[in-house]
Amino acid sequence: MMQKVSREFYLRENTLQIAKELLGKILVVPSRAGKRVAGKIVETEAYLGADDKAAHSYGNRRTKRTEVMFSEGGHVYIFFVYGMYFQLNFVVGPRDHAHAILIRAIEPVEGIEIMRKRRAVKNDRELTSGPGKLCIALGIDGAFNGADLCKKKIWLEEGAPISVRSIARGRRIGIDYAEEFVEKPWRFWLKGNEFVSRRS
DNA sequence: CAAGTGATTAGC
DNA sequence: CTAATCACTTGC
């Protein structure tokens, strides 16, 4: 196994930089039977906490749901949307910073058979090409909320280096309520990767 | 393109 | 308490 990403990576305060650096890293979530199910991160979105109208923690809004966003970097924030889907986020920065990065898409790397079983789709391209899809494929649900990325339930490993020129950025998706923050180019993806989510 | 699904939140 | 909304996906 490649080197596990350490706590220090998540504790930094430059959330946009971290969102970019997450591209290419390998997300690993062992199955219940202990088999590795993993994928390369190909799309992320940064949510800049108290000052970002698109963030759940905007204005330091602290509720039962957003509580884990205020924990220290390296923890997992899971929320449930549209009555059906879980969304995977990594909390970054020091305690009470309340910044998070949404993992929007991954490219399957290990345990693809398990992913196919969990997602009954014809085309492998549909396996993990969206934030709700990848949670199903990886078996991520509300029980992962607050999990520590430095422990054994879910973690990140270094992947092959990514060239800066292969990174694209643009506006975030599905945040029409965020007023002047709608246009902020805080979504990052790997150019041309077929697992990047379709919508723009 | 629109339905579906239920937790979460704000507002009374 | 109620009602609107929602960091999405799928099938029409």
Side-chain angles (χ1 to χ4, degrees), chain A residues 10 15-16 18-20 22-23 27 29 39 41-71 73 75-93 97-108 115-147 149 154 168-190 193-200:
Chain A
Y10 306 105
T15 305
L16 295 174
I18 300 174
K20 241 180 285 187
L22 282 173
L23 297 173
L27 174 60
V29 184
I41 296 176
V42 300
E43 183 180 1
T44 61
E45 271 179 8
Y47 287 85
L48 273 48
D51 303 319
D52 177 4
K53 283 186 180 170
H56 291 162
S57 52
Y58 174 60
N60 280 322
R61 179 169 43 202
R62 197 164 183 152
T63 64
K64 190 172 180 199
R65 178 173 74 155
T66 63
E67 185 59 31
V68 300
M69 291 187 79
F70 293 84
S71 61
H75 290 267
V76 166
Y77 169 45
I78 304 290
F79 66 93
F80 187 65
V81 270
Y82 300 119
M84 283 179 237
Y85 302 107
F86 291 101
Q87 307 277 291
L88 170 66
N89 300 257
F90 296 160
V91 176
V92 298
H97 192 59
H99 284 211
I101 296 167
L102 171 68
I103 308 304
R104 284 199 58 89
I106 64 173
E107 174 182 327
M115 297 191 200
R116 289 194 186 116
K117 201 175 279 184
R118 290 171 173 164
R119 302 243 328 122
V121 290
K122 284 187 227 142
N123 197 328
D124 279 355
R125 183 181 295 192
E126 300 299 324
L127 246 25
T128 54
S129 54
K133 298 175 187 178
L134 72 89
C135 283
I136 299 170
L138 293 175
I140 293 170
D141 59 19
F144 283 72
N145 194 38
L149 287 164
I154 174 171
R169 70 186 291 180
R171 56 195 286 181
R172 293 171 293 179
I173 291 175
I175 54 154
D176 292 346
Y177 57 87
E179 301 175 7
E180 74 270 26
F181 287 84
V182 167
E183 307 287 344
K184 301 284 184 193
W186 295 346
R187 178 166 74 107
F188 302 91
W189 67 92
L190 290 181
N193 186 288
E194 59 175 3
F195 289 91
V196 170
S197 66
R198 299 290 126 196
R199 307 199 288 143
S200 290

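Chain naming here is simple, since letters A, B, ... match the order of the sequence lines and numbering starts at 1 in each.
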Next on the checklist: Does the structure show a Watson-Crick or G-U wobble partner for dC6(C), both distances under 3.5 Å? Name it, or say none.
Outcome noted: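 Its partner is dG6(B).
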Base, sugar-phosphate alone, or nothing: which one does [X] contact when heavy atoms must sit under 4.0 Å apart?
| X | result |
| --- | --- |
| Leu102(A) | base |
| Phe80(A) | sugar-phosphate |
| Glu45(A) | nothing |
| Arg65(A) | sugar-phosphate |

Rounded to whole Å, please give me the gap between [atom1] in [X] and [atom2] in [N].
| X | N | atom1 | atom2 | answer |
| --- | --- | --- | --- | --- |
| Tyr47(A) | dC6(C) | OH | C1' | 12 Å |
| Lys64(A) | dT9(B) | NZ | C1' | 14 Å |
| Leu127(A) | dC8(C) | CG | P | 19 Å |
| Tyr82(A) | dT5(B) | OH | P | 16 Å |

Next on the checklist: Which label fits Tyr10(A) and Phe90(A): parallel for a plane angle under 30°, tilted from 30 to 60°, or perpendicular past 60°?
Outcome noted: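 Correct class here is perpendicular.
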Next on the checklist: Does this structure show an ion pair linking Arg172(A) with Glu45(A), if we count only N-O contacts that are shorter than 4.0 Å?
Outcome noted: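 No salt bridge links Arg172(A) with Glu45(A).
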Item to check | Pair Gln87(A)-Tyr85(A), side-chain donor/acceptor within less than 3.5 Å | outcome: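 Side chains of Gln87(A) and Tyr85(A): no pair found under 3.5 Å.
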Checklist entry - Just one of Glu107(A), Lys133(A), Arg116(A) clears the side-chain contact (heavy atoms from CB on, under 4.5 Å) bar with Leu127(A), so which one? => result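 Per the side-chain contact (heavy atoms from CB on, under 4.5 Å) rule, the option paired with Leu127(A) is Arg116(A), out of Glu107(A), Lys133(A), Arg116(A).
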Item to check | dA10(B) OP1/OP2 closer than 4.0 Å to side-chain N/O of Arg61(A) | outcome: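 Yes, Arg61(A) has a side-chain N/O under 4.0 Å of OP1/OP2 on dA10(B).
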